[in-house]
Peer 1: 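I'd like to ask you about the structure that follows.
Chain identifiers are assigned alphabetically (A, B, ...) following the order of the sequence lines, protein sequences preceding nucleic acid strands; residue numbering begins at 1 within each chain. The basis for the numbers below is simple: all heavy atoms, side chains too, and nothing from hydrogens, waters or symmetry mates.
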Amino acid sequence: MEYKHKEIEKRWQQRWKEDKTYKAEIDGKKPKYYVLDMFPYPSGAGLHVGHPLGYIASDILARYKRLKGFNVLHPMGYDAYGLPAEQYAIQTGQHPEVTTKKNIARYREQLDNIGFCFDWDREVRTCDPGYYKWTQWAFIQMFSHYYDTREQKAKPIADLIAHFEAKGTEGVHAAASKELKFKAEQWKAMDEKQKSDTLMNYRIAYLGNTMVNWCPKLGTVLANDEVSEGVSVRGGYPVEQKLMYQWCLRVSAYAERLLAGLEKLQWSDSIKETQRNWIGKSEGAEMQFKVKDSDVEMTIFTTRADTVFGVTFMVLAPESKYVDMVTTPEKKAEVEAYRQEIKHKTERERMIDKKVSGVWTGAYAINPLSGKEIPIWVSDYVLAGYGTGAIMAVPAHDSRDYAFAKHFDLPIIPLIEGADVSEQSYDAKEGKVINSCGGELDLNGLDVKEAIAKTKRFIEEKGIGKVKTNYRLRDAIFSRQRYWGEPFPVYYKDGIPHMLSEDCLPLQLPEIDKYLPTETGEPPLGRAKGWETPEGYKLELNTMPGFAGSSAYYLRYMDPHNDQALVGKEANDYWRSVDLYVGGTEHATGHLIYSRFWNKFLYDLGKVCEDEPFKKLINQGMIQGRSNFVYRIKDTNTFVSLGLKDKYDVTPIHVDVNIVSNDILDVEAFKAWRPEYATAEFILEDGKYVCGWAVEKMSKSMFNVVNPDDIVEKYGADTLRLYEMFLGPVEQSKPWDTNGIDGVNRFIKKLWNLFYKGDQWLVTDEKSSAESLKSIHKLIKKVTADIEAFSYNTSVSAFMICVNELTQQKCHSREVLEMLVVLLAPFAPHVCEELWHALGHESSVCDAQWPDWNEEYLVEKNVTYPVSFNGKPRFNLTVAVDTPAADIEKAALSDPAAAKWLEGKTVKKVIVVPGKIVNIVIG
RNA sequence: GGCCGAAUGGUGGAAUGGUAGACACGAGGGACUUAAAAUCCCUUGGCUGCAAAGCUGUGUGGGUUCGAGUCCCACUUCGGCUACCA
């Protein structure tokens, strides 16, 4: 029997499918383990070898946990709504669903080729009405709840209404867009529209005016993680800021819980830190500044209350509501001109152009502590969206204020002893405070931290301001002016939004004739005929963003066919939450925040039993491409090999990596690759054409895309799986390099040769030798530890060592080989299944039991210590394994080899590390 | 600017503070073969040496330690994320 990967892999993939080998069902007798991959967006390009890296790693863990006796849930599905399918639809008129289905079929085929143990009966697709019913349902729940800041949880909006009826806003503790104050009578006097608008201020899903990332070219709003450096990630079109009336989710209400929840998660420090930064908690103070000759009071936010005596001016964001309130009539035109100028700059222009700009409003404010008059400026370096959109500027101790002060020649007052502010500001929060005494407050001589605390106490006592915690985390904008997304379960009656009743769900996405906005500028859904309720009320024209469908999909996998609930109680109580989540770091501030928010909300409603969705997170690294180059001599059709290229004037040209092997060009394939190369000539080295290489992003234009299907075809899925793991630590980014894959392929053949020699079956029932038992138990110990630690590259090495040892030992013992097959099964399931059955088993190797190692087989009779003098190893000393440390020391000193080193020297110290080393320090 | 991570042979990468370079690729040599492929064996960080052996060596400079690739401090370079967040 020869190792024929194609036959073997096809056969077992077929059997697994027929037998539903990987079907997961609730089983109270077994502990559960939920392993999840971030589901892919099925793009038209299909998978390249980088994509399955994380899937292979999680697949290994899923299979391992199953062998360890866990009931494993390992599902897969598709994040099916997305811009590319919609863009394609606009260009071609092809319905996005058609494109998406086609892409999904292609993805499925590619995934199946690799032999994953997904339970496909649990597949979800976000664009499936049976699925998005629950996305719509969750939205209705968010609309119908508000966030109680005292109880720190979501509560029914009806409770809030009852409170308003009874006491107005008195004693209300609710997360809100802005602070409102009204009495019960005022509430009762409101008409329906006013009440609706008021409640929008509190609802978790609400309509509000927000600055959004607007992409005119795509005709839609984009999420922050869909924008990079001022252009859209998809398409690279410019993005501008625009104020729009949009559906939003009050994610900010959960800021503190999202921050606190990180503590108990087994996520990498870097991703937790990224989330902490994104949430951006900052503890400071809000302070009131009166405007001179006016009754306007401006509220500012600062974390440096101690620097209030160094405030030499104030700055307002151009969009700030205070600008109109304070600007003097003679400055009006100038200020307005500046605001217009800023408005027309895109985010990108603002970033490139870091010039200091601003304009004086003509007004002065009064420093509440020193009583000094300070000018009020407007500048775009102050952001409207953070804090109050107004700051007190302390140029001596803030670099941005410093740059502004220098540019406009404003005074700079140093407040910290020894700080030289002639060239730059001193931003550090340390040192002794000076120049800070006025009125009833004296901070001089205090440490900065003490001064901050003292100032905070003072302003609270005097009613000048209050201690305030700010979060950078903003509410999520939830509307998209697109077709290919979940429709909102919303209709409008007299201009007031209402939710559809739950039994109308799912509200299905209607068919439309074109996928473009309407002539009147409405979103594409404006084209849908009969897009209204049976009563004739207009339905919402926006659709939901990409993260809507991906925020709770992990819950749906637990109970994917339930039409009564997102997830049934029984299923949720059993599967609870994801034990291991594998995916890329690019979702750190998008999906991973929104999912946590979504889950916490459902937790507040008692719909799910765990507060956090993903217990442990592993971020697989990115696989970069490894491009190959040929060197064409200028103005010729002659190509020169890498080693000789410096002798000519050459142009490097990307060449398809699939016609290069171990950096050697397949010359005939190259000639056939492009018509213009058909007549190409070559200058070879040793009869070969050697290509150059470089690490670049894996993309079609670099001709460095490697399709897993090609690898599977040539070497088999098992080789691909092992090789991807062998490349290096899963979490590390690395270039794909097909050179080296032969090594793991050889390993599988060597493994095969332990079982077969030609057609001869080699396995015997003879007693295993001590050395083979040692080899295999060493392997069990190593692989068990490595899998738990996610160190798969060293596991693969351990397998290679073990197989080499067994080959050398000519070990064909059934006992040893059975264990080997079980251990390797998570990594190379096909060949192991084949060998497992060849060993006479009826059931799948998936149902075998993970072997335990026995230390006894690993124990050495004798131990060899390297004996060192002053840390340099000099000779080896072999003693019985349980020799006491003192006797090892004695043996080392009396060994004849030691005499040479001890001659004429005194022994200062002898260090014996049991089992490891003897070091003799001589002087 | 902020945060995080990395730096070890020709290459990918191993090393609970204890013989650096496991394992694999590549390269060189050899066996088998008419030949090639496949397979197997040997060598492979650098320097000196016929050899035995010795010296040197984990980005740079310091430190802790009997002992540092590993821990601490400073620096250099390269990646990733994030960014006028007051």
Side-chain angles (χ1 to χ4, degrees), chain A residues 224 228-229 268-274 276-278 280-282 284-285 300-305 307 315 317 350-351 354 356 379-383 385-394 397-401 403-404 427 470-474 585-586 588-589 619 621-622 624 626 662-664 693 695 722-723 726-729 731-744 746-747 749-750 753 785 791 793-802 804 807 864-876 908-913 915-923:
Chain A
N224 281 329
S228 173
E229 296 188 6
S268 73
D269 288 339
S270 77
I271 208 148
K272 282 194 201 177
E273 195 56 30
T274 305
R276 279 187 204 109
N277 289 340
W278 195 256
K281 180 175 184 171
S282 81
I300 60 96
F301 176 76
T302 182
T303 52
R304 292 295 300 275
T307 60
V315 187
R350 281 207 208 183
M351 233 151 26
K354 285 221 164 179
V356 176
S379 173
D380 68 344
Y381 85 88
V382 174
L383 304 177
Y386 184 76
T388 61
I391 63 151
M392 61 178 214
V394 186
H397 303 291
D398 181 288
S399 51
R400 293 156 304 177
D401 296 345
F404 195 82
D427 292 15
N470 246 326
Y471 297 90
R472 205 183 70 113
L473 184 69
R474 313 278 177 82
T585 48
E586 66 272 20
T589 53
N619 302 111
M622 283 239 289
Q624 295 138 294
R626 187 181 188 276
N662 286 346
D663 292 337
I664 308 296
W693 62 274
V695 173
L722 281 165
Y723 186 57
F726 184 69
L727 269 179
E731 289 161 277
Q732 194 175 302
S733 286
K734 57 227 160 204
W736 176 266
D737 183 359
T738 309
N739 298 347
I741 197 165
D742 289 329
V744 282
R746 263 171 226 156
F747 156 75
K749 286 181 194 160
K750 282 183 198 166
N753 291 338
S791 174
N793 56 330
T794 51
S795 284
V796 178
S797 294
F799 280 113
M800 290 177 174
I801 294 168
C802 183
N804 281 342
T807 306
T864 301
Y865 291 90
V867 178
S868 311
F869 288 88
N870 286 351
K872 303 265 179 186
R874 301 301 176 181
F875 66 92
N876 288 333
K908 271 191 181 166
K909 198 170 177 180
V910 180
I911 299 130
V912 177
V913 181
K916 285 282 185 185
I917 196 168
V918 180
N919 187 22
I920 298 167
V921 183
I922 50 183

Peer 1: Under 4.0 angstrom, heavy atoms only, what part of the nucleic acid is A/N793 near: base, sugar-phosphate, or nothing?
Peer 2: sugar-phosphate

Peer 1: Taking A/N470 for its side chain and A/S282 for its backbone only, find out whether a donor-acceptor pair lies under 3.5 Å.
Peer 2: no

Peer 1: Please compare A/S270 and A/S282 by the position of their nearest nucleotide in RNA chain B and report the one closer to 5'.
Peer 2: A/S270

Peer 1: Show the distances under 3.5 angstrom between N or O atoms of the protein and N or O atoms of nucleotides 36-40 of chain B.
Peer 2:
none

Peer 1: Under the salt bridge (Lys or Arg N to Asp or Glu O under 4.0 Å) rule, collect the residues that match up with A/E273, sequence neighbours excluded.
Peer 2: A/R276

Peer 1: Rounded to the nearest Å, what distance is computed from the CG atom of residue A/N277 to the P atom of nucleotide B/rC84?
Peer 2: 13 Å

Peer 1: Could you pick out which residue, A/M392 or A/E273, lies toward the 5' side of RNA chain B when each is mapped onto its nearest nucleotide?
Peer 2: A/E273

Peer 1: Work out how far the C1' atom of B/rA6 is from that of B/rG69, and round it to whole angstrom.
Peer 2: 13 Å

Peer 1: Mind checking the C1' distance from B/rA86 to B/rC81? Whole angstroms is fine.
Peer 2: 22 Å

Peer 1: A/A317: which residues meet the side chain to side chain contact (heavy atoms under 4.5 Å, CB included) condition with it, sequence neighbours left out?
Peer 2: A/E319, A/S320, A/V382, A/A384

Peer 1: What's the closest nucleotide to the A/D742 side chain, out of B/rG26, B/rC3, B/rA15?
Peer 2: B/rG26

Peer 1: Would you check if there is a donor-acceptor pair between the side chains of A/S399 and A/D427 at a distance under 3.5 Å?
Peer 2: yes

Peer 1: Report the residues that fulfil side chain to side chain contact (heavy atoms under 4.5 Å, CB included) with A/N753, sequence neighbours left out, ordered by chain and then residue number.
Peer 2: none

Peer 1: Would you call A/D401 and A/I391 a side-chain contact if the rule is heavy atoms closer than 4.5 Å?
Peer 2: yes

Peer 1: What interatomic distance, in whole Å, is found between C1' of B/rA68 and the corresponding atom of B/rG57?
Peer 2: 14 Å

Peer 1: Kindly point out which of B/rC25, B/rC85, B/rA14 is positioned nearest to the side chain of A/N739?
Peer 2: B/rC25

Peer 1: Counting only side-chain N and O atoms of A/N804, is one of them less than 4.0 Å from OP1 or OP2 of B/rA24?
Peer 2: yes

Peer 1: Rounding to an integer number of Å, can you tell me how far A/W736 CH2 sits from B/rC25 P?
Peer 2: 15 Å

Peer 1: According to salt bridge (Lys or Arg N to Asp or Glu O under 4.0 Å), who are the partners of A/K750, at least two apart in sequence or on a separate chain?
Peer 2: none

Peer 1: Measure CG/A/D401 against P/B/rG1 and give the value in whole Å, please.
Peer 2: 18 Å

Peer 1: From the list B/rC81, B/rA86, B/rC23, which nucleotide is the closest neighbour of the side chain of A/D398?
Peer 2: B/rA86

Peer 1: Distances under 3.5 Å only, N/O to N/O: pair up the protein atoms with those of nucleotides 9-12 of chain B.
Peer 2:
unit_1	atom_1	unit_2	atom_2	d
B/rG12	O2'	A/L727	O	2.7

Peer 1: Side chain of A/W278, heavy atoms from C-beta onward: which of B/rA86, B/rA83, B/rG13 has the nearest atom to it?
Peer 2: B/rA83

Peer 1: Sticking with atom P, work out how far B/rG5 lies from B/rC73, rounded to a whole angstrom.
Peer 2: 13 Å

Peer 1: Pick the C1' atom in B/rU34 and in B/rA24, then give their distance to the nearest Å.
Peer 2: 34 Å

Peer 1: Salt bridge (Lys or Arg N to Asp or Glu O under 4.0 Å) with A/R626: which residues, sequence neighbours excluded?
Peer 2: A/D663, A/D737

Peer 1: What form does the base of B/rG9 take, syn (within 90° of 0) or anti?
Peer 2: syn

Peer 1: B/rG26, B/rC4, B/rA83: which one has an atom nearest the side-chain heavy atoms of A/R472?
Peer 2: B/rA83

Peer 1: Side-chain N or O of A/Y381 less than 4.0 angstrom from OP1 or OP2 on B/rA86?
Peer 2: no

Peer 1: Which dot-bracket string fits RNA chain B when only Watson-Crick or G-U wobble pairs with both atom distances under 3.5 Å count, crossing pairs get [ ], and | stands for a partner on a different strand?
Peer 2: (((((((..(((.....[....)))((((((.......))))))((((....))))..(((((..]....))))))))))))....

Peer 1: In whole angstrom, what separates A/Q624's CD from B/rA6's C1'?
Peer 2: 13 Å

Peer 1: Mind checking what makes ring pair (Phe, Tyr, Trp, His ring centres under 6.0 Å) contact with A/F799, not counting sequence neighbours?
Peer 2: A/F827

Peer 1: For the residue pair A/T794 and A/S791, what are the closest heavy atoms and their distance?
Peer 2: OG1-OG, 2.7 Å

Peer 1: Expressed as a whole number of angstroms, how long is the span from A/Y723:OH to B/rC23:P?
Peer 2: 18 Å

Peer 1: Could you give the CE-to-P distance, from A/M622 to B/rG5, as a whole number of Å?
Peer 2: 19 Å

Peer 1: Just jot down the side chain to side chain contact (heavy atoms under 4.5 Å, CB included) partners of A/R472, sequence neighbours excluded, or say none.
Peer 2: A/W278, A/Y386

Peer 1: Scan A/I801, A/L722, A/L727 and name whichever one has a side chain to side chain contact (heavy atoms under 4.5 Å, CB included) with A/V796.
Peer 2: A/L722

Peer 1: What interatomic distance, in whole Å, is found between C1' of B/rG63 and the corresponding atom of B/rG13?
Peer 2: 30 Å

Peer 1: In whole angstrom, what separates A/I801's CD1 from B/rC23's P?
Peer 2: 6 Å

Peer 1: In whole angstroms, how far is the P atom of B/rG2 from the CG atom of A/D427?
Peer 2: 10 Å

Peer 1: Measure from the side chain of A/T303, starting at C-beta and using heavy atoms only, and say which of B/rA86, B/rC3, B/rA24 lies closest.
Peer 2: B/rA86

Peer 1: For atom C1', what is the distance between B/rU58 and B/rU77, given to the nearest Å?
Peer 2: 16 Å

Peer 1: side-chain hydrogen bond (donor to acceptor under 3.5 Å, both in side chains) with A/T738: which residues, sequence neighbours excluded?
Peer 2: A/W736

Peer 1: What's the closest nucleotide to the side chain of A/R474 if the choices are B/rC23, B/rC85, B/rA86?
Peer 2: B/rC85

Peer 1: Would you please name every residue forming a side chain to side chain contact (heavy atoms under 4.5 Å, CB included) with A/S797, sequence neighbours left out?
Peer 2: A/F726

Peer 1: What interatomic distance, in whole Å, is found between P of B/rA7 and the corresponding atom of B/rA14?
Peer 2: 9 Å

